Amino acid sequence: MPELAEVAYYCSRWNPGLGERILRVHMNGQKRCFRGVDASQLAGALSGNRLVSSHTHGKRMLFKLDQGLWLGIHLGMTGSLLMRRKEAELEKHDHLALETRVAWLVFNDPRQFGRIEHHESKGLPEFWRNLPPETISERFDFQHFRRFAEKGAKQPLKSALLDQSRFPGVGNWMADEILWHSRIRPQRSIATLNEHELKDLFRAIKRVSRIAMKRIAPDFSDPPKSWLFHRRWKAGGLCPKTGAHLNRDSIGGRTTCWSNAWQR
DNA sequence: ATGCATGTTACATG
DNA sequence: ACATGTAACATGCA
(Lines give C-alpha, C1' and ligand atoms only; values in the text may rest on other atoms or scores of the structure.)
Protein backbone atom coordinates (compact mmCIF):
# COMPACT_ATOMS: atom_id res chain seq x y z
CA MET A 1 0.00 0.00 0.00
CA PRO A 2 2.48 2.62 1.08
CA GLU A 3 3.09 5.64 -1.12
CA LEU A 4 4.07 9.18 -0.11
CA ALA A 5 1.36 10.05 2.42
CA GLU A 6 0.88 6.50 3.69
CA VAL A 7 4.59 6.29 4.40
CA ALA A 8 4.37 9.53 6.39
CA TYR A 9 1.45 8.06 8.33
CA TYR A 10 3.25 4.81 9.16
CA CYS A 11 6.36 6.73 10.16
CA SER A 12 4.34 8.72 12.68
CA ARG A 13 3.09 5.51 14.30
CA TRP A 14 6.43 5.24 16.06
CA ASN A 15 6.21 8.81 17.43
CA PRO A 16 5.39 7.67 20.99
CA GLY A 17 8.79 5.98 20.99
CA LEU A 18 10.80 9.10 20.14
CA GLY A 19 13.18 9.96 22.98
CA GLU A 20 12.80 6.47 24.44
CA ARG A 21 15.57 4.00 25.12
CA ILE A 22 15.49 0.65 23.36
CA LEU A 23 15.36 -1.98 26.09
CA ARG A 24 15.28 -5.06 23.88
CA VAL A 25 15.47 -5.88 20.19
CA HIS A 26 13.53 -8.62 18.47
CA MET A 27 14.88 -9.27 15.00
CA ASN A 28 14.35 -12.04 12.50
CA GLY A 29 17.61 -11.49 10.64
CA GLN A 30 17.12 -14.29 8.10
CA LYS A 31 14.19 -12.50 6.51
CA ARG A 32 14.57 -10.87 3.12
CA CYS A 33 13.96 -7.40 4.61
CA PHE A 34 17.49 -7.55 6.04
CA ARG A 35 19.26 -8.33 2.75
CA GLY A 36 22.62 -6.60 2.66
CA VAL A 37 22.79 -5.79 6.38
CA ASP A 38 24.55 -7.62 9.18
CA ALA A 39 21.52 -8.26 11.35
CA SER A 40 23.31 -9.17 14.55
CA GLN A 41 25.52 -6.11 14.25
CA LEU A 42 22.46 -3.90 13.77
CA ALA A 43 20.71 -5.52 16.72
CA GLY A 44 23.75 -4.79 18.85
CA ALA A 45 23.86 -1.16 17.76
CA LEU A 46 20.14 -0.72 18.50
CA SER A 47 20.15 -2.36 21.94
CA GLY A 48 20.35 0.22 24.70
CA ASN A 49 20.40 3.05 22.17
CA ARG A 50 17.87 5.88 22.15
CA LEU A 51 15.45 6.82 19.38
CA VAL A 52 15.87 10.52 18.66
CA SER A 53 13.82 11.54 15.61
CA SER A 54 12.23 10.33 12.40
CA HIS A 55 12.28 11.58 8.82
CA THR A 56 10.54 10.63 5.58
CA HIS A 57 11.42 11.28 1.97
CA GLY A 58 9.13 9.87 -0.71
CA LYS A 59 8.69 6.22 0.21
CA ARG A 60 11.74 6.13 2.48
CA MET A 61 11.99 6.54 6.22
CA LEU A 62 15.02 7.29 8.35
CA PHE A 63 15.22 7.06 12.14
CA LYS A 64 17.96 8.86 14.01
CA LEU A 65 19.43 7.26 17.12
CA ASP A 66 22.26 8.29 19.41
CA GLN A 67 25.93 7.58 18.66
CA GLY A 68 25.60 8.29 14.94
CA LEU A 69 23.27 5.37 14.27
CA TRP A 70 20.57 5.69 11.59
CA LEU A 71 17.89 3.10 10.89
CA GLY A 72 16.50 3.22 7.35
CA ILE A 73 13.17 1.57 6.52
CA HIS A 74 11.42 1.04 3.19
CA LEU A 75 7.96 -0.53 3.42
CA GLY A 76 7.94 -2.18 0.00
CA MET A 77 4.51 -3.42 -1.02
CA THR A 78 3.05 -4.67 2.26
CA GLY A 79 5.19 -3.25 5.05
CA SER A 80 3.86 -1.18 7.93
CA LEU A 81 4.97 0.33 11.21
CA LEU A 82 2.84 -0.06 14.29
CA MET A 83 2.98 -0.29 18.06
CA ARG A 84 2.07 -3.26 20.20
CA ARG A 85 1.35 -3.17 23.89
CA LYS A 86 4.28 -4.40 25.91
CA GLU A 87 2.41 -7.45 27.09
CA ALA A 88 1.14 -8.31 23.59
CA GLU A 89 2.54 -11.27 21.67
CA LEU A 90 4.57 -10.36 18.62
CA GLU A 91 3.15 -11.73 15.38
CA LYS A 92 4.42 -13.86 12.56
CA HIS A 93 5.54 -11.06 10.25
CA ASP A 94 6.94 -8.73 12.92
CA HIS A 95 10.47 -8.91 11.52
CA LEU A 96 11.83 -6.08 13.66
CA ALA A 97 10.48 -4.97 17.02
CA LEU A 98 12.06 -2.52 19.47
CA GLU A 99 10.92 -2.71 23.06
CA THR A 100 10.73 0.63 24.83
CA ARG A 101 9.31 1.78 28.17
CA VAL A 102 5.98 2.54 26.48
CA ALA A 103 5.47 -0.17 23.85
CA TRP A 104 6.95 -2.39 21.17
CA LEU A 105 7.78 -0.45 18.02
CA VAL A 106 7.12 -2.93 15.25
CA PHE A 107 8.02 -3.29 11.58
CA ASN A 108 5.64 -5.82 10.03
CA ASP A 109 5.84 -7.02 6.43
CA PRO A 110 4.17 -10.22 5.14
CA ARG A 111 5.68 -10.16 1.65
CA GLN A 112 9.11 -8.95 2.76
CA PHE A 113 9.65 -6.64 -0.20
CA GLY A 114 10.42 -3.97 2.36
CA ARG A 115 13.94 -3.22 3.47
CA ILE A 116 15.83 -2.38 6.65
CA GLU A 117 19.04 -0.34 6.34
CA HIS A 118 21.83 0.34 8.82
CA HIS A 119 23.77 3.59 8.46
CA GLU A 120 26.47 5.15 10.62
CA SER A 121 27.35 8.83 10.34
CA LYS A 122 27.69 11.91 12.52
CA GLY A 123 25.17 14.00 10.62
CA LEU A 124 22.46 13.07 8.12
CA PRO A 125 23.84 10.26 5.91
CA GLU A 126 25.30 11.43 2.61
CA PHE A 127 22.77 9.58 0.42
CA TRP A 128 19.87 11.17 2.25
CA ARG A 129 21.11 14.70 1.59
CA ASN A 130 21.47 13.93 -2.11
CA LEU A 131 17.92 12.68 -2.68
CA PRO A 132 15.96 14.49 -5.39
CA PRO A 133 13.39 17.04 -4.19
CA GLU A 134 10.02 15.67 -3.11
CA THR A 135 6.95 16.63 -5.12
CA ILE A 136 5.60 18.53 -2.11
CA SER A 137 8.80 20.54 -1.71
CA GLU A 138 9.16 24.14 -2.86
CA ARG A 139 12.25 23.07 -4.75
CA PHE A 140 10.03 20.93 -6.96
CA ASP A 141 8.83 23.84 -9.09
CA PHE A 142 7.80 23.98 -12.73
CA GLN A 143 11.32 24.71 -13.91
CA HIS A 144 12.71 21.75 -12.05
CA PHE A 145 9.88 19.55 -13.30
CA ARG A 146 10.37 20.50 -16.94
CA ARG A 147 14.09 19.84 -16.78
CA PHE A 148 13.62 16.54 -14.97
CA ALA A 149 10.81 15.41 -17.22
CA GLU A 150 13.12 15.33 -20.22
CA LYS A 151 14.81 12.20 -18.94
CA GLY A 152 12.83 9.32 -20.42
CA ALA A 153 10.72 11.66 -22.53
CA LYS A 154 9.50 8.81 -24.69
CA GLN A 155 8.36 6.36 -22.04
CA PRO A 156 4.66 6.17 -21.09
CA LEU A 157 3.76 8.83 -18.53
CA LYS A 158 2.58 6.11 -16.20
CA SER A 159 6.08 4.63 -16.07
CA ALA A 160 7.76 8.03 -15.88
CA LEU A 161 5.73 9.02 -12.82
CA LEU A 162 6.75 5.84 -10.99
CA ASP A 163 10.45 6.72 -11.34
CA GLN A 164 11.56 7.45 -7.76
CA SER A 165 14.60 9.42 -8.93
CA ARG A 166 12.26 11.98 -10.48
CA PHE A 167 9.00 11.74 -8.54
CA PRO A 168 9.86 10.36 -5.11
CA GLY A 169 6.85 8.98 -3.30
CA VAL A 170 4.60 8.59 -6.33
CA GLY A 171 3.30 5.01 -6.55
CA ASN A 172 0.73 3.16 -8.59
CA TRP A 173 -2.45 4.77 -7.32
CA MET A 174 -0.95 8.27 -7.14
CA ALA A 175 0.29 8.05 -10.73
CA ASP A 176 -3.18 7.08 -11.97
CA GLU A 177 -4.74 9.82 -9.84
CA ILE A 178 -2.32 12.45 -11.17
CA LEU A 179 -2.99 11.54 -14.80
CA TRP A 180 -6.74 11.51 -14.25
CA HIS A 181 -6.55 14.99 -12.68
CA SER A 182 -4.39 16.13 -15.62
CA ARG A 183 -6.89 14.69 -18.12
CA ILE A 184 -3.99 13.02 -19.92
CA ARG A 185 -3.92 9.32 -20.83
CA PRO A 186 -1.24 7.17 -19.17
CA GLN A 187 0.04 5.84 -22.53
CA ARG A 188 1.11 9.33 -23.63
CA SER A 189 4.71 10.41 -23.14
CA ILE A 190 6.33 13.67 -22.08
CA ALA A 191 7.48 14.16 -25.68
CA THR A 192 3.87 14.40 -26.92
CA LEU A 193 2.75 17.02 -24.40
CA ASN A 194 2.25 20.65 -25.40
CA GLU A 195 3.09 23.45 -22.99
CA HIS A 196 -0.45 23.56 -21.67
CA GLU A 197 -0.56 19.83 -20.91
CA LEU A 198 2.86 19.98 -19.29
CA LYS A 199 1.56 22.64 -16.90
CA ASP A 200 -1.59 20.60 -16.19
CA LEU A 201 0.54 17.59 -15.36
CA PHE A 202 2.78 19.61 -13.07
CA ARG A 203 -0.19 21.12 -11.25
CA ALA A 204 -1.77 17.68 -10.79
CA ILE A 205 1.45 16.29 -9.31
CA LYS A 206 1.56 19.13 -6.78
CA ARG A 207 -2.16 18.97 -6.01
CA VAL A 208 -2.49 15.20 -5.57
CA SER A 209 0.67 15.11 -3.41
CA ARG A 210 -0.43 18.02 -1.24
CA ILE A 211 -3.99 16.82 -0.67
CA ALA A 212 -2.88 13.24 -0.07
CA MET A 213 -0.48 14.46 2.61
CA LYS A 214 -3.18 16.59 4.20
CA ARG A 215 -5.82 13.86 4.27
CA ILE A 216 -3.91 10.61 4.67
CA ALA A 217 -0.72 11.40 6.59
CA PRO A 218 -2.30 12.56 9.91
CA ASP A 219 -4.73 9.68 10.52
CA PHE A 220 -5.07 7.56 7.37
CA SER A 221 -8.29 9.28 6.29
CA ASP A 222 -9.48 8.58 2.75
CA PRO A 223 -8.66 10.96 -0.09
CA PRO A 224 -11.59 13.14 -1.29
CA LYS A 225 -14.71 11.26 -2.43
CA SER A 226 -14.43 12.81 -5.87
CA TRP A 227 -11.07 11.17 -6.60
CA LEU A 228 -10.41 8.25 -8.94
CA PHE A 229 -8.87 6.48 -5.92
CA HIS A 230 -12.21 5.08 -4.77
CA ARG A 231 -13.12 3.57 -8.14
CA ARG A 232 -9.87 2.26 -9.51
CA TRP A 233 -9.29 -0.91 -7.54
CA LYS A 234 -11.54 -3.39 -9.24
CA ALA A 235 -12.79 -3.83 -12.78
CA GLY A 236 -16.17 -2.27 -13.51
CA GLY A 237 -15.58 1.07 -11.76
CA LEU A 238 -17.09 4.28 -13.11
CA CYS A 239 -15.33 7.58 -13.82
CA PRO A 240 -16.32 10.15 -11.15
CA LYS A 241 -16.46 12.86 -13.85
CA THR A 242 -18.21 11.18 -16.78
CA GLY A 243 -19.92 8.19 -15.15
CA ALA A 244 -18.58 6.00 -17.95
CA HIS A 245 -16.79 2.72 -17.31
CA LEU A 246 -13.12 3.13 -16.48
CA ASN A 247 -10.45 1.56 -18.66
CA ARG A 248 -7.83 -0.85 -17.34
CA ASP A 249 -4.63 -2.15 -18.83
CA SER A 250 -1.12 -3.09 -17.85
CA ILE A 251 1.37 -0.32 -18.66
CA GLY A 252 5.03 -0.82 -17.91
CA GLY A 253 4.00 -3.96 -16.06
CA ARG A 254 1.68 -2.16 -13.65
CA THR A 255 -2.09 -2.22 -13.49
CA THR A 256 -3.31 1.12 -14.76
CA CYS A 257 -6.75 2.66 -14.61
CA TRP A 258 -7.94 5.68 -16.60
CA SER A 259 -11.03 7.22 -18.15
CA ASN A 260 -10.98 7.28 -21.93
CA ALA A 261 -13.68 9.92 -22.27
CA TRP A 262 -12.13 12.20 -19.64
CA GLN A 263 -8.43 11.82 -20.55
CA ARG A 264 -6.89 12.54 -23.96
C1' DA B 1 -6.83 -23.86 -7.68
C1' DT B 2 -5.60 -19.68 -10.27
C1' DG B 3 -4.38 -15.17 -10.79
C1' DC B 4 -3.35 -10.93 -8.96
C1' DA B 5 -1.38 -7.36 -5.68
C1' DT B 6 -0.30 0.39 -3.67
C1' DG B 7 7.55 -1.91 -5.03
C1' DT B 8 12.21 -2.55 -6.55
C1' DT B 9 15.87 -4.66 -9.00
C1' DA B 10 18.48 -7.95 -11.81
C1' DC B 11 18.66 -9.68 -16.05
C1' DA B 12 17.38 -10.28 -21.02
C1' DT B 13 16.39 -8.28 -25.33
C1' DG B 14 16.18 -4.87 -28.98
C1' DA C 1 25.50 2.70 -23.82
C1' DC C 2 20.59 3.03 -23.81
C1' DA C 3 15.68 2.04 -23.47
C1' DT C 4 12.13 -1.17 -22.63
C1' DG C 5 10.17 -5.52 -20.99
C1' DT C 6 9.92 -9.51 -17.90
C1' DA C 7 10.90 -12.42 -13.95
C1' DA C 8 11.83 -12.72 -9.37
C1' DC C 9 11.22 -11.91 -4.61
C1' DA C 10 7.14 -14.15 -0.36
C1' DT C 11 2.64 -14.07 1.16
C1' DG C 12 -2.33 -13.41 1.33
C1' DC C 13 -6.59 -12.76 -0.74
C1' DA C 14 -10.60 -13.09 -4.04
Side-chain angles (χ1 to χ4, degrees), chain A residues 1-11 13 28-37 56-61 72-82 91-96 106-117 127 131-132 134-135 148-181 186-192 205 208-209 211-213 215-217 220-224 227-237 246 248-258:
Chain A
M1 172 187 294
E3 303 179 20
L4 182 76
E6 290 129 344
V7 170
Y9 168 76
Y10 283 125
C11 186
R13 304 248 63 194
N28 199 340
Q30 277 74 260
K31 293 296 180 178
R32 187 167 197 270
C33 324
F34 294 95
R35 56 198 179 279
V37 312
T56 69
H57 184 107
K59 297 176 188 170
R60 319 184 60 140
M61 298 183 285
I73 301 184
H74 192 297
L75 297 173
M77 197 91 99
T78 54
S80 64
L81 298 192
L82 61 136
E91 298 195 359
K92 186 179 173 188
H93 300 300
D94 292 348
H95 306 310
L96 174 65
V106 174
F107 164 73
N108 178 285
D109 184 9
R111 285 176 75 180
Q112 302 173 50
F113 293 172
R115 185 163 214 155
I116 301 290
E117 296 167 359
F127 85 93
L131 292 173
E134 291 191 283
T135 55
F148 245 48
E150 279 162 18
K151 174 187 155 197
K154 287 192 297 188
Q155 69 185 148
L157 282 168
K158 173 57 181 271
S159 311
L161 286 168
L162 292 176
D163 180 351
Q164 297 303 294
S165 73
R166 286 182 285 170
F167 309 106
V170 175
N172 207 21
W173 77 255
M174 283 185 77
D176 285 358
E177 193 72 43
I178 286 165
L179 289 162
W180 182 78
H181 283 247
Q187 299 85 349
R188 300 270 304 279
S189 69
I190 294 279
T192 72
I205 291 169
V208 168
S209 304
I211 298 175
M213 283 301 275
R215 300 275 297 227
I216 300 171
F220 225 108
S221 295
D222 274 348
W227 280 20
L228 179 68
F229 179 90
H230 302 281
R231 324 283 185 99
R232 69 176 294 282
W233 304 112
K234 50 192 184 302
L246 291 163
R248 289 167 75 82
D249 197 1
S250 177
I251 300 178
R254 308 302 302 281
T255 300
T256 302
C257 176
W258 76 97

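On a predicted model such as this, the values are computed, not experimentally measured, just so you know. A, B, ... follow the sequence lines: proteins, then strands. Residue 1 opens every chain.
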Determine the interatomic distance between C1' on dA7(C) and the same-named atom on dG3(B); round to the nearest Å.
16 Å
Check the distance between dT6(B)'s P and Asp176(A)'s CG and give it to me in whole angstrom.
9 Å
Decide whether Thr78(A) and Asp109(A) meet the rule of one side-chain donor and one side-chain acceptor closer than 3.5 Å.
yes
Tell me: CZ of Arg60(A) to C1' of dG7(B), nearest whole Å?
13 Å
In this structure, how many angstroms lie between the P atom of dG7(B) and the CH2 atom of Trp173(A), rounded?
11 Å
Rounded to whole Å, how long is the line connecting atom CZ of Arg35(A) with atom C1' of dA10(C)?
11 Å
When rounded to the nearest 0.5 angstrom, what is the spacing between CZ in Arg13(A) and CZ in Phe107(A)?
15.5 Å
Arg248(A) CZ - dG3(B) P separation (whole Å)
17 Å
Based on Watson-Crick and G-U pairs with both distances under 3.5 Å, what dot-bracket line describes DNA chain C 5' to 3', crossing pairs as [ ] and inter-strand pairs as |?
.||||||||.||||
Scan nucleotides 11-14 of chain C against the protein and return all N/O pairs shorter than 3.5 Å with their distances rounded to 0.1 Å.
unit_1, atom_1, unit_2, atom_2, d
dT11(C), OP1, Gln112(A), NE2, 3.2
dT11(C), O3', His93(A), NE2, 3.3
dG12(C), OP1, His93(A), NE2, 2.9

In chain order, what residues pass the side chain to side chain donor-acceptor pair (under 3.5 Å) check against Arg60(A), with sequence neighbours excluded?
Glu117(A)
Tell me every residue that passes side chain to side chain donor-acceptor pair (under 3.5 Å) with Ser221(A), counting only those two or more places apart in sequence or in another chain.
Asp219(A)
If I pick the P atom on dC4(B) and the same atom on dT6(C), what distance separates them, to the nearest angstrom?
14 Å
Check side-chain contact (heavy atoms from CB on, under 4.5 Å) between Gln112(A) and all other residues, then give those that pass, not counting sequence neighbours.
Lys31(A), Arg32(A), Cys33(A), His95(A)
Can you list the residues that meet the ring-ring contact (aromatic ring centres under 6.0 Å, His included) rule with Phe34(A), with sequence neighbours excluded?
none
Who pairs with His57(A) by side-chain contact (heavy atoms from CB on, under 4.5 Å), at least two apart in sequence or on another chain?
Trp128(A), Leu131(A), Glu134(A), Pro168(A)
Identified side chain to side chain contact (heavy atoms under 4.5 Å, CB included) partner of Pro186(A) from the options Asp249(A), Leu161(A), Leu179(A)
Leu179(A)
What is the nucleic acid contact for Gly253(A), judged by heavy atoms within less than 4.0 Å: base, sugar-phosphate only, or nothing?
nothing
Tell me: CG of Asp249(A) to P of dC4(B), nearest whole Å?
12 Å
What residues, two or more places apart in sequence or in another chain, satisfy side-chain contact (heavy atoms from CB on, under 4.5 Å) together with Gln155(A)?
Ser159(A), Ala160(A), Arg166(A)
Integer-rounded Å distance: dG7(B) P and Asp163(A) CG
13 Å
His181(A): which residues meet the side chain to side chain donor-acceptor pair (under 3.5 Å) condition with it, sequence neighbours left out?
Glu177(A)
How many Å lie between NZ on Lys158(A) and P on dG5(C), as a whole number?
14 Å
Arg232(A): side-chain contact (heavy atoms from CB on, under 4.5 Å) partners, not counting sequence neighbours:
Asn172(A), Trp173(A), Asp176(A), Leu228(A), Cys257(A)
Contacts of Asn108(A) that satisfy side chain to side chain donor-acceptor pair (under 3.5 Å) - sequence neighbours left out
Asp94(A)
dC11(B) and dA10(C), which share atom name P, separated by this distance in whole Å:
16 Å
How would nucleotides 8-14 of chain B be written as a contact map, 5' to 3', with B for base contact, S for sugar-phosphate-only contact and - for no contact, using protein heavy atoms under 4.0 Å?
B------
